[in-house]
Amino acid sequence: MTISTENIRVRIAPSPTGDPHVGTAYIGLINFLYARQHGGKFVLRIEDTDRARFVATSEQMIFDALRWLGIEWDEGPDVGGPFGPYRQSERAAIYREYVEKLLANDTAYRCFCTPEELEAVRRQQMAAKVPPRYPGTCRNLTNDQIQLKLFESTPCTIRMKVPVEGSTTFRDELRGEITFNHNNVDDQVLMKSDGFPTYHLANVVDDHLMQISDVIRAEEWISSTPKHVLLYQFFGWDAPRFWHMPLLRNQDKSKISKRKNPVSLVYYRQAGFLPEAMINFLGLMGGGMPAEINNASEKFTLQEMIEHFNIRNIRLGGPVFDLTKLRWLNGEYLRALTPEAFYAELRKSVLADEYLSAIAALVQTRIETLSEFGNLTGFFFSDNVLPSPEVFLPKKRMLEETLAFAGEQLTVLEAAEWNASAIEAALKQLGEQQGWSVKENFMLLRTILTGSQMSPPLLESMMIFGKARTLDRLRRFIDAQKKLAAQKK
RNA sequence: GUCCCCGUCGUCUAGCCCGGCCUAGGACACCGCCCUUUCACGGCGAUAACACGGGUUCAAAUCCCGUCGGGGACGCCA
């Protein structure tokens with residue numbers, strides 16, 4: 001590759017909005033490999049500009065998950081570096097400074113339209129089957145009009161001024177040239193009315209300031225790339241190279257999502273996947289390993305990937321994230337362990353002291369001999385429990401409404417903060433809304449999670465079992481029941 | 001709807017860029033057999049794909065065009 005002599009700098013830019021995502025790990029892996037192969041730097045930047053979706057615990061989970069996989073960054077919020085700060089919320093002044101330049105440039109303008117107005121227009125356009133687009137209301141306000149609005153303290157956003165005529169062409173390193181006509185590029189909001197930048201502005205400014213040479217990101221960004229390229233032009237900067245990786249997919253080929261797949265790295269870790277297996281599996285997605293290795297076993301380490309992986313050989317078709325194959329791979333890695341190492345892995349996860357002692361506390365008053373320990377706690381140790389309808393179906397309920405309610409429980413639990421009182425309150429509220437008694441409500445959840453109507457206290461059990469595994473179990477229960485119902489029809 | 005991207009076994013892929021070695025290779029899953037007191041593991045085997053149609057060429061999975069199919073984007077989310 002001809003670029004090896006340059007100063008290669010790449011980055012990933014996850015948003016701390018929840019659990020760390022397998023997609024982040026995938027893109028992180030590719031960036032990491034690329035940096036290592038070219039003697040470059042790999043930067044981790046936290047894009048926390050969306051206050052509404054911000055989750056305080058998320059950032060640390062992202063760090064932990066990436067390190068668990070062996071993906072190490074050279075610069076980032078926790079390790080520092082010469083181009084910090086690496087958290088966008090700490091860079092607010094920088095974005096303000098640069099957006100001023102665009103305003104002065106006449107390549108951006110203030111927009112006083114309200115979210116409600118914009119939403120109404122969008123709906124109209126959708127209904128008329130016209131591409132939804134900003135109507136340009138504020139694009140040509142006079143200076144007086146703007147001063148008046150500002151004087152009145154009308155909240156405003158700042159939008160980029162996309163040229164009316166012409167088109168923007170950029171090069172995708174894997175696909176070649178891609179052209180977008182400007183009438184298909186909307187006047188993107190660059191700065192929100194709360195003063196925070198949007199992704200597009202912050203991303204371009206930071207990538208430039210952090211001297212990023214190659215932007216390696218997911219395919220979903222292709223359609224906003226012309227906006228980014230235009231921004232580089234507005235600023236008078238050189239754009240980096242762009243590489244858009246294929247999107248990981250659900251079984252049905254749609255973009256991978258938590259509704260159809262476990263996507264949380266926390267889940268995979270807690271469910272007992274080894275990082276070596278996970279990273280190997282991610283390396284299989286999209287290919288890129290040479291035939292002699294791929295055809296031999298498909299098994300390789302992170303180090304082997306650094307040595308042999310070639311980003312230019314990535315296949316562009318979106319790979320289905322196939323749990324079955326991941327599980328097989330994980331089994332391979334498990335079997336390859338020495339008995340001692342295997343036992344050590346067990347002690348680190350499902351037989352960890354903290355886990356066992358927490359469970360023990362729940363059953364102490366409920367058993368009469370120690371050997372009964374397993375009777376009440378089996379569900380903590382099995383990968384899944386699938387109760388039959390006799391067990392989970394409340395007496396006066398139909399299967400369909402019960403599954404629908406379980407789906408509601410799932411939604412509530414997804415959104416819930418993971419502590420017993422918050423969960424209890426949220427579930428009770430749901431029950432009241434839907435006309436489910438507390439007893440029906442909690443018994444349903446109990447049977448789904450434990451497989452039995454008799455179990456240790458539900459909420460405490462859920463705390464120990466963990467959010468990721470709880471949600472997964474609920475999801476799998478609903479899926480399995482739906483599949484069964486469909487078979488009967 | 002509009003724009004953009006993509007298209008090799010059910011799934012992940014090798015081959016594609018640089019046409020012939022492709023009778024399209026490997027892996028997972030599925031099926032069968034062997035091993036085995038059970039279940040796994042392991043071994044062996046079978047089924048299974050170049051989306052379709054046109055070109056270019058002596059020759060196309062590989063290059064070009066079209067059709068169809070799939071996906072993504074269209075937010076004061078990232």
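A note on names: the letters A, B, ... follow the listed sequences, proteins ahead of strands, and every chain is numbered from 1.
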Item to check | Phosphate OP1/OP2 of B/A78 contacted by A/T49 side-chain N/O (<4.0 Å) | outcome: yes
Checklist entry - Relative to the 5' end of RNA chain B, which residue comes earlier, A/N184 or A/E292, by the nucleotide with the nearest heavy atom? => result A/N184
Checklist entry - Can you list the residues that meet the side chain to side chain contact (heavy atoms under 4.5 Å, CB included) rule with A/S349, with sequence neighbours excluded? => result none
Checklist entry - Counting only N and O atoms by type, is there a donor-acceptor contact under 3.5 Å from the side chain of A/R217 to the main-chain atoms of A/I27? => result no
Item to check | Interatomic distance where CE belongs to A/M289 and P belongs to B/A27 [whole Å] | outcome: 17 Å
Checklist entry - Which of the following nucleotides, B/A78, B/C16, B/C6, is nearest to the side chain of A/R315? => result B/C16
Find every protein N or O atom lying less than 3.5 Å from an N or O atom of nucleotides 18-25 of chain B, and list the pairs.
| from | atom 1 | to | atom 2 | distance (Å) |
| --- | --- | --- | --- | --- |
| B/G25 | N2 | A/N295 | OD1 | 2.6 |

Checklist outcome for this item: The residue, A/N181 or A/L316, whose nearest nucleotide of RNA chain B is more 5′ is A/N181
Item to check | Separation of atom CD in A/E332 from atom C1' in B/A29, rounded to whole Å | outcome: 14 Å
Item to check | Between A/E75 and A/Y86: side-chain donor-acceptor atoms closer than 3.5 Å | outcome: yes
Checklist outcome for this item: Residues of residues 321-328 of chain A with a heavy atom under 4.0 Å from any atom of RNA chain B, listed by number, are A/D322, A/T324, A/K325, A/W328
Show the distances under 3.5 angstrom between N or O atoms of the protein and N or O atoms of nucleotides 66-76 of chain B.
| from | atom 1 | to | atom 2 | distance (Å) |
| --- | --- | --- | --- | --- |
| B/G71 | O2' | A/R249 | NH2 | 3.4 |
| B/G72 | OP1 | A/K255 | N | 2.9 |
| B/A73 | OP1 | A/K255 | NZ | 2.8 |
| B/A73 | O4' | A/S223 | OG | 3.1 |
| B/A73 | O2' | A/S223 | OG | 2.8 |
| B/C74 | O2' | A/P132 | O | 3.2 |
| B/C76 | O2 | A/S193 | N | 2.8 |
| B/C76 | O2 | A/S193 | OG | 2.8 |
| B/C76 | N3 | A/S193 | OG | 3.2 |
| B/C76 | N4 | A/C113 | O | 3.0 |

Determine all donor-acceptor pairs shorter than 3.5 Å in which one atom belongs to a side chain in residues 48-56 of chain A; sequence neighbours excluded.
| from | atom 1 | to | atom 2 | distance (Å) |
| --- | --- | --- | --- | --- |
| A/D48 | OD1 | A/Q88 | N | 3.2 |
| A/D48 | OD1 | A/S89 | N | 2.8 |
| A/D48 | OD2 | A/S89 | OG | 2.7 |
| A/D50 | OD1 | A/A52 | N | 3.1 |
| A/D50 | OD1 | A/R53 | N | 3.4 |
| A/D50 | OD2 | A/R53 | NE | 3.3 |

Item to check | For A/W68, ring pair (Phe, Tyr, Trp, His ring centres under 6.0 Å) partners two or more places apart | outcome: none
